[in-house]
2 protein chains.
Amino acid sequence: MSVGRETRLSAWIERFAAHFAEEGIPLIGGRILGYLLVCQPVERTAAELSQELEASSGSISTNLKYLVNVGLVSKRTRRGRQAAEYRINEKAWTDFIQRKLNAIASVQTLTDDGMRLLSGDPERSMRLKTVDHLYGWLSEELPALWERRPASPK
Amino acid sequence: MSVGRETRLSAWIERFAAHFAEEGIPLIGGRILGYLLVCQPVERTAAELSQELEASSGSISTNLKYLVNVGLVSKRTRRGRQAAEYRINEKAWTDFIQRKLNAIASVQTLTDDGMRLLSGDPERSMRLKTVDHLYGWLSEELPALWERRPASPK
DNA sequence: CGATGATTTCAGTGTCGACCGAAAGGGATC
DNA sequence: GATCCCTTTCGGTCGACACTGAAATCATCG
């Protein structure tokens with residue numbers, strides 16, 4: 001006997017959240033993200049999320065605030081509705097990933113500063129030079145690659 | 001009156017460690033990395049690191065174990081010497097960075113699984129599709145880019 | 001201007017992990 | 001094998017952070 005689609009989806013959401021938990025996003029934040037990516041209808045209130053994800057209203061509030069802040073989720077308020085509606089902002093994933101790539105490339109400024117401190121001492125700067133070269137290359141190539149990213153499909 | 005080179009280097013080491021602390025590497029581990037990248041001579045014992053970095057022998061031991069494990073530091077033992085010598089393995093930085101890029105690209109398997117769960121429901125999979133496309137592209141391009149990485153300079 | 005139904009704030013709890021330092025463990029030399 | 005010195009292990013402390021649930025706050029509607 002096979003499990004239902006919704007059951008498998010909630011297992012998927014849990015995997016999704018677990019992945020981003022490793023990257024430092026709180027578990028509940030990851031669950032919200034995963035859930036908002038696949039729920040129907042696309043918009044949910046904080047109270048609904050609290051119920052669906054079995055998380056306290058406080059946690060939902062904190063994490064929604066964070067997610068709205070980084071842009072991954074949009075908040076919409078409507079006249080005549082006291083409850084705000086939240087939905088995934090799938091466009092914001094590009095910025096989200098770009099920040100990650102930038103974080104890697106940014107080490108170059110660090111190695112660069114180190115090289116400057118060791119200038120005039122080629123013996124001693126050999127180790128750093130290897131690392132600096134690699135990051136120097138990355139800080140050229142990653143932004144260039146990013147420029148070539150495809151437009152999202154309609 | 002200007003500060004000495006060694007003073008500025010230890011400030012640099014601290015910045016270096018702070019950067020990697022944000023990526024989840026313990027502060028003392030980051031200090032060891034930074035220190036081993038610029039110290040003269042290149043090899044140090046655990047006891048020396050403990051003294052130089054003002055960290056307990058236990059912390060040094062734990063972090064060295066971790067760093068040796070991920071390959072960024074090499075341990076060398078010599079007959080007639082009770083103390084092992086540690087040094088930076090600058091070659092291992094390529095693997096270290098590659099793991100980071102892979103971590104980003106690996107989200108694609110997640111979004112892919114999600115898309116499969118939603119197959120036959122184009123309405124509902126629209127949001128995930130946007131994200132999946134982006135990660136699909138990354139999981140093609142990042143490994144390809146990585147192949148073009150330059151050899152380290154002599 | 002209450003009353004209602006929602007969200008945010010906040011204090012408190014529990015968990016996790018980094019760090020320390022003392023004790024145990026392991027080699028090397030005598 | 002005893003000693004010396006270095007490393008690893010281990011119990012304990014501390015601080016950070018996710019999470020909860022209740023109280024405060026806010027907005028809408030009668």
Side-chain angles (χ1 to χ4, degrees), chain A residues 13-36 39 41 43-70 72-87, chain B residues 13-36 39 41 43-70 72-87:
Chain A
I13 291 169
E14 206 56 25
R15 276 210 296 144
F16 192 86
H19 175 95
F20 289 101
E22 288 187 356
E23 300 192 3
I25 292 180
L27 204 47
I28 294 185
R31 288 194 186 114
I32 294 174
L33 275 184
Y35 184 77
L36 287 181
C39 64
E43 288 180 315
R44 291 292 144 105
T45 67
E48 286 166 344
L49 290 170
S50 174
Q51 180 137 38
E52 290 286 341
L53 301 176
E54 296 173 87
S56 72
S57 59
S59 287
I60 295 294
S61 175
T62 303
N63 280 279
L64 277 177
K65 190 178 199 170
Y66 165 72
L67 291 172
V68 168
N69 207 42
V70 299
L72 289 173
V73 169
S74 325
K75 175 181 189 171
R76 189 175 63 146
T77 54
R78 295 203 302 192
R79 286 186 304 172
R81 288 278 178 83
Q82 56 273 53
E85 314 236 278
Y86 297 90
R87 73 160 92 186
Chain B
I13 290 169
E14 206 57 26
R15 278 208 298 144
F16 192 87
H19 175 95
F20 289 102
E22 287 187 358
E23 300 192 3
I25 292 180
L27 204 49
I28 293 184
R31 288 195 187 115
I32 293 174
L33 276 184
Y35 184 76
L36 287 180
C39 65
E43 288 181 315
R44 290 291 145 105
T45 67
E48 286 166 344
L49 291 170
S50 173
Q51 179 137 40
E52 291 287 340
L53 301 176
E54 296 173 86
S56 72
S57 59
S59 288
I60 295 293
S61 176
T62 303
N63 280 280
L64 277 176
K65 190 179 199 169
Y66 164 72
L67 291 172
V68 167
N69 208 42
V70 300
L72 289 173
V73 168
S74 326
K75 175 180 187 172
R76 189 175 64 146
T77 53
R78 295 205 302 191
R79 287 186 303 174
R81 288 278 178 84
Q82 56 274 50
E85 314 235 279
Y86 297 90
R87 73 160 93 186

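Within every chain, numbering begins at 1; the chains are lettered A, B, ... in the order of the sequence lines, protein sequences first and strands thereafter.
Rounded to whole Å, atom P of C:dG17 lies 12 Å from atom CD of A:Glu22. Summarising the geometry, the separation between CD on B:Glu23 and P on C:dA18 is reported as 15 Å, rounded to the nearest angstrom. Here D:dT8 presents its P atom at 11 Å from CD1 of B:Ile60, a figure rounded to the nearest Å. In this entry the distance linking CZ of A:Arg31 with C1' of D:dT20 reads 14 Å, nearest Å. The nearest whole Å value for the distance from the OH atom in B:Tyr66 to the P atom in C:dC19 is 12 Å. In this structure, A:Gln51 atom CD and C:dT7 atom C1' are separated by 16 Å, rounded to whole Å. Across the protein-nucleic acid pair, B:Leu53 atom CG and C:dC19 atom P stand 11 Å apart, rounded to whole Å. In this entry the distance linking CZ of A:Arg44 with P of C:dA6 reads 15 Å, nearest Å.
Counting non-hydrogen atoms under 4.0 angstrom, A:Thr62 reaches nothing in the nucleic acid. Using a 4.0 Å heavy-atom distance criterion, B:Leu64 is classed as making no nucleic acid contact. Among the heavy atoms of the strands lying under 4.0 Å from B:Tyr86 are primed sugar atoms or P, OP1, OP2 only; no base atom is included. Contacts of A:Leu27 with the nucleic acid, taken as non-hydrogen atoms under 4.0 Å apart, involve only primed sugar atoms and P, OP1 or OP2. Within the 4.0 angstrom heavy-atom criterion, only backbone atoms of the sugar-phosphate kind lie near B:Ile28; the bases stay farther away.
Look at B:Lys75 and you'll find a side-chain N or O under 4.0 angstrom from OP1 or OP2 of D:dT8. The phosphate of D:dG21 has neither OP1 nor OP2 within less than 4.0 Å of any side-chain N or O from A:Ser56. Note on B:Ser61: a side-chain N or O is less than 4.0 Å away from OP1 or OP2 of D:dT8. The side chain of B:Lys65 contributes an N or O atom lying less than 4.0 Å from OP1 or OP2 of D:dT9.
Remark: A:Ile32 CD1 to A:Ile60 CD1 distance equals 4.0 Å, nearest 0.5 Å. Separating the OH atom in B:Tyr86 from the CG atom in B:Leu49 is a distance of 9.0 Å, to the nearest 0.5 Å.
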Check: After noting the C-alpha distance and the side-chain angles of B:Tyr66 and B:Thr62, does the key distance pass the side-chain contact (heavy atoms from CB on, under 4.5 Å) rule?
Finding: CA-CA 6 Å; B:Tyr66 164 72; B:Thr62 303; 5.9 Å; no
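Out of D:dA18, C:dC19, D:dT8, the shortest distance to the side chain of B:Asn63 is found at C:dC19. Side chain of B:Ala83, nearest nucleotide from D:dT7, D:dG21, C:dC19: D:dT7. Listed candidates were C:dT7, D:dG21, D:dT8. Nearest to the side chain of A:Ala46 is C:dT7. With D:dC19, C:dT8, C:dA6 as the choices, the nucleotide that has an atom nearest any side-chain atom of A:Ser57 turns out to be C:dT8.
Residues A:Leu64 and A:Lys75 are not in side-chain contact: their nearest non-hydrogen atoms beyond the backbone lie 4.5 Å or more apart. Contact annotation: the side chain of B:Arg31 approaches that of B:Leu27 to within less than 4.5 Å [non-hydrogen atoms, C-beta and beyond].
Proximity of a side-chain donor or acceptor of B:Ser50 to a complementary backbone N or O of B:Ala46 within less than 3.5 Å is not detected.
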